[in-house]
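To start, the structure under review is shown below, and the notes come after it.
Because the structure is predicted, anything quoted here is derived from the model rather than measured. By convention in this document, chain letters (A, B, ...) are assigned in the order of the sequence lines, proteins followed by strands, and residues within each chain are numbered from 1.
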Amino acid sequence: VKASESPPGSQTDWLTLNIGGRLFTTTRSTLVSKEPDSMLAHMFREKDAWGNKQDARGAYLIDRSPEYFEPILNYLRHGQLIVNEGVNLIGVLEEARFFGIEQLVEQLEIAIKNSQPPEDHSPIS
Amino acid sequence: VKASESPPGSQTDWLTLNIGGRLFTTTRSTLVSKEPDSMLAHMFREKDAWGNKQDARGAYLIDRSPEYFEPILNYLRHGQLIVNEGVNLIGVLEEARFFGIEQLVEQLEIAIKNSQPPEDHSPIS
Amino acid sequence: VKASESPPGSQTDWLTLNIGGRLFTTTRSTLVSKEPDSMLAHMFREKDAWGNKQDARGAYLIDRSPEYFEPILNYLRHGQLIVNEGVNLIGVLEEARFFGIEQLVEQLEIAIKNSQPPEDHSPIS
Amino acid sequence: VKASESPPGSQTDWLTLNIGGRLFTTTRSTLVSKEPDSMLAHMFREKDAWGNKQDARGAYLIDRSPEYFEPILNYLRHGQLIVNEGVNLIGVLEEARFFGIEQLVEQLEIAIKNSQPPEDHSPIS
Amino acid sequence: VKASESPPGSQTDWLTLNIGGRLFTTTRSTLVSKEPDSMLAHMFREKDAWGNKQDARGAYLIDRSPEYFEPILNYLRHGQLIVNEGVNLIGVLEEARFFGIEQLVEQLEIAIKNSQPPEDHSPIS
């Protein structure tokens, strides 16, 4: 899905990310607007300005974990941090730090600290 | 899968949604009939009227979470809300609100409220 | 995978189902022989007689949940109902009813009734 | 992935299995060497001798459960039975029996018998 | 995704691994730099020197478990071992040993030893 040239009459700029081999389709606005100071926003603010490489399907290559990126993208879509049971919050925190989503880093640090019992939240859940 | 032109003798109008990068195949009738006043029904009531963008395979692009959309589509198929263990109900609620499926929003709010213990149902399950 | 014309010397008739967007490959014999009176058997008894629509890859389109269909297909393959922890039995029951697999409907109803504690088996597990 | 003609200098014979619609890539040696008397070894001992049908991508079609086949293939790769939490051992046993992996059948029967509490190991976990 | 010839101005060398049928996209630097003495680093240090076979899409074929490889690749990306609930650590250890990631082998052995209760960490979790 490569849709970086918007046809006339359409405002939405769709793009696909290839995160570690899994594809995520979203809009440039989602990546850029919610957390404008994040590293992720800088990567996609201007079309192709950051020099991200694209795979053969036109998806932007990012060498990170797809599983832990998923709640981050949902957060950028609607502003809520929602994580399924069994998903390691430290994995999500690692990605939030990498992409520079500062508000989410804070939320995750508090969630990890508050979770019970404290000794269960080593990197291996 | 793009099957919007029904051949003669076939009434079913199949379409594929690209929700955040995952493909869901369903019929227009499923999206439109069960909850005719929902935003989702409005998006797909008339062919291409709403201006949804399509990807290279003809799938309609929607910038939302595929995981939490899945029980919503099943609900539209058969009228029951069925969610697996470990799936965060608040994630499903967020999508039900976005797509304007009002009856499902109510069911989910009650289910979240009734679940035990109450303090477990923060956004991070 | 469309292999409805068997080459000479090969008896097996392979076909692929597109259940809600996920592909399942199986044989016509699996779908038809185990539960010959089921709706599913009727759908695939005669080649293309039932008028199932096919997607661009030749897979037969069925507008149902892929996740809850999986144990049903395995049941038709070897006659045992096997469900993973965390999968909602009510979801499997819903599909067994839709496809008219009567013996499986009975087994599932008993399994749901017998599971402990009874109040845990609301549609939301 | 069809790589049955080894180029000179390469000994490995790669092949892909289409188990119920999911693709598994492995070597002929993995399928044949670890349990030489198994039905699976017989299926793949000689190139195309057994008459397995192939799909359009050259993957060998087998009408079984992909989920429960996965630990069996890993066992053939390194000789250890490793199963994730939540995966029903009876499902793995069913496949081990089908493919005639006798040592694994024994291991699984013992593991199922030893697991606690005994009444939890009905087919529906 | 085959991007072994870097265009001028781009330093990153992307490659895709086909681990047992699942694709992982990463950079050569991730595979080689973090644990330079590992077998994995040796496999990918020099372009095509090791003789890895590639599938039709150019992905390097490795006959191992994709599920248990995933935390290993994440470890090479950012140096933390992060494993989800329900994933069997012995499966990850088996892959860490195969790829010769010595530091990770040590971490995993300690994590398995420390986990409670000790008798729960048989190969079948």
- [ ] Assess whether side-chain contact (heavy atoms from CB on, under 4.5 Å) is satisfied between C:D13 and C:T27, documenting all intermediate values.
- [x] CA-CA 6 Å; C:D13 187 9; C:T27 61; over 6 Å; no
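- Put simply, of D:E67, D:R64, D:R22, the one with the most heavy-atom pairs under 4.5 Å next to chain C is D:R64.
- In this structure, C:K34 is positioned above the aromatic face of C:Y75, its NZ or CZ under 6.0 Å from the six-membered ring centre and within 45° of the axis.
- Here the side chains of C:M39 and C:F98 are in contact, with some heavy-atom distance below 4.5 Å.
- With a threshold of 4.5 angstrom between heavy atoms, D:I19 does not approach chain C through any atom at all.
- A salt bridge does not link C:R97 to C:E102: none of the charged nitrogens lies less than 4.0 Å from a carboxylate oxygen.
- Contact count versus chain D (heavy atoms, under 4.5 Å) is highest, among C:T30, C:L73, C:L23, C:T26, for C:T26.
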